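Each remark here refers to the structure printed beneath this line.
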Amino acid sequence: ETGVTQTPRHLVMGMTNKKSLKCEQHLGHNAMYWYKQSAKKPLELMFVYSLEERVENNSVPSRFSPECPNSSHLFLHLHTLQPEDSALYLCASSQDWQGLGEKLFFGSGTQLSVL
Amino acid sequence: GIQVEQSPPDLILQEGANSTLRCNFSDSVNNLQWFHQNPWGQLINLFYIPSGTKQNGRLSATTVATERYSLLYISSSQTTDSGVYFCAAAGGGATNKLIFGTGTLLAVQP
């Protein structure tokens, strides 16, 4: 248990579906992140929220829509995804916005399959 | 931006053996971390080590910042050490984002 909880663990969706991934951190951190992990590729940073404001958006397609209602919760809303979006989606948190001295703590991820 | 390379890409060990994993980075860093991803996908932060040496049980890490590499040592390996080991570094630029390497896949056989 790392203090970062993600649900669901697995998700299968069609290209026309709308679904949401949820992340909750119990560490009192101020920054939260979404990463995408595809097979044989390094982890890719998608979004960063610091104190509930988005501070990083790494040219992610608009079919991925993040939401951070408070510093403990982070969502990733998914709609009209493509099969190439199938991947492990990881949530992470750190005390403050990533940088000098910041340690990242990850959730267990959501394994997403788009049919 | 900074580039991170890890070696070897794959490693098979017998239980009880020792191993060294390497992480090279292309620029000076102010943040370097090692992670272990278990077979179920969970990423665990092992070390925050932008310079110097740290030890935690059977694991230790050394970063030589002036020569732009970091090493992760695993001693007396156990089957539970299996998984992927990632190095991630940030170079202190405008965005200061952690860049991940492609990982070392370790399999420890009984």
Side-chain angles (χ1 to χ4, degrees), chain A residues 1-11 21 23 25 27 29 31 33-50 54-60 86-113, chain B residues 1-10 21 23-52 54 56 61 63 65 70 83-105:
Chain A
E1 175 58 51
T2 64
V4 181
T5 303
Q6 287 187 245
T7 55
R9 286 286 284 125
H10 302 274
L11 179 62
L21 310 184
C23 177
Q25 58 96 1
L27 301 169
H29 289 168
Y33 310 75
W34 281 116
Y35 281 85
K36 177 183 178 182
Q37 186 177 26
S38 304
K40 305 295 184 183
K41 294 176 68 175
L43 270 74
E44 302 172 56
L45 180 63
M46 300 175 71
F47 300 105
V48 182
Y49 277 82
S50 176
R54 193 187 309 179
V55 296
E56 189 78 22
N57 178 348
N58 265 12
S59 302
V60 179
S86 299
L88 181 66
Y89 288 85
L90 290 158
C91 174
S93 71
S94 65
Q95 183 60 55
D96 291 297
W97 160 225
Q98 184 173 275
L100 181 65
E102 292 305 323
K103 290 181 64 173
L104 279 181
F105 294 86
F106 282 89
S108 298
T110 294
Q111 186 65 54
L112 173 67
S113 297
Chain B
I2 193 168
Q3 296 179 9
V4 179
E5 294 182 355
Q6 292 185 244
S7 60
D10 304 281
L21 282 57
C23 172
N24 292 331
F25 39 91
S26 60
D27 207 343
S28 59
V29 298
N30 59 19
N31 189 335
L32 189 135
Q33 301 181 38
W34 283 96
F35 298 87
H36 172 224
Q37 187 170 37
N38 66 24
W40 297 272
Q42 177 72 61
L43 268 159
I44 301 296
N45 194 309
L46 298 175
F47 294 103
Y48 166 76
I49 187 164
S51 65
K54 289 186 177 180
N56 184 1
T63 297
S70 182
V84 184
Y85 289 81
F86 290 101
C87 166
T95 59
N96 215 13
K97 294 182 295 186
L98 271 177
I99 303 299
F100 281 77
T102 52
T104 292
L105 176 59

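Just so you know, these numbers come straight off a predicted model, no measurement behind them. Within every chain, numbering begins at 1; the chains are lettered A, B, ... in the order of the sequence lines, protein sequences first and strands thereafter.
With a 4.5 Å cut-off on non-hydrogen atoms, B/F35 touches chain A through its side chain but not through its backbone.
Contact between B/G101 and A/P42 at its shortest, heavy atoms only, is O-CB, 3.8 Å.
Atom-to-atom distance recorded for A/Q37:CD and B/L43:CG is 6.5 Å, nearest 0.5 angstrom. Separation of atoms CG (B/N45) and OG (A/S94) is listed at 10.5 Å; rounding is to 0.5 Å. Here the CZ-CG distance, from B/F100 to A/L104, works out to 5.5 Å after rounding to the nearest 0.5 Å. Atoms CD1 and NZ, from B/I49 and A/K103 in turn, are 11.0 Å apart once rounded to the nearest 0.5 Å.
Not one N or O on the side chain of B/Q42 forms a donor-acceptor pair closer than 3.5 Å with the backbone of A/G109.
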Report task. For side-chain contact (heavy atoms from CB on, under 4.5 Å), just list the numbers for A/L88 and B/Q37, CA-CA rounded to whole Å, side-chain angles, deciding distance to a tenth of an Å, and then say yes or no. Result -> CA-CA 12 Å; A/L88 181 66; B/Q37 187 170 37; 3.6 Å; yes

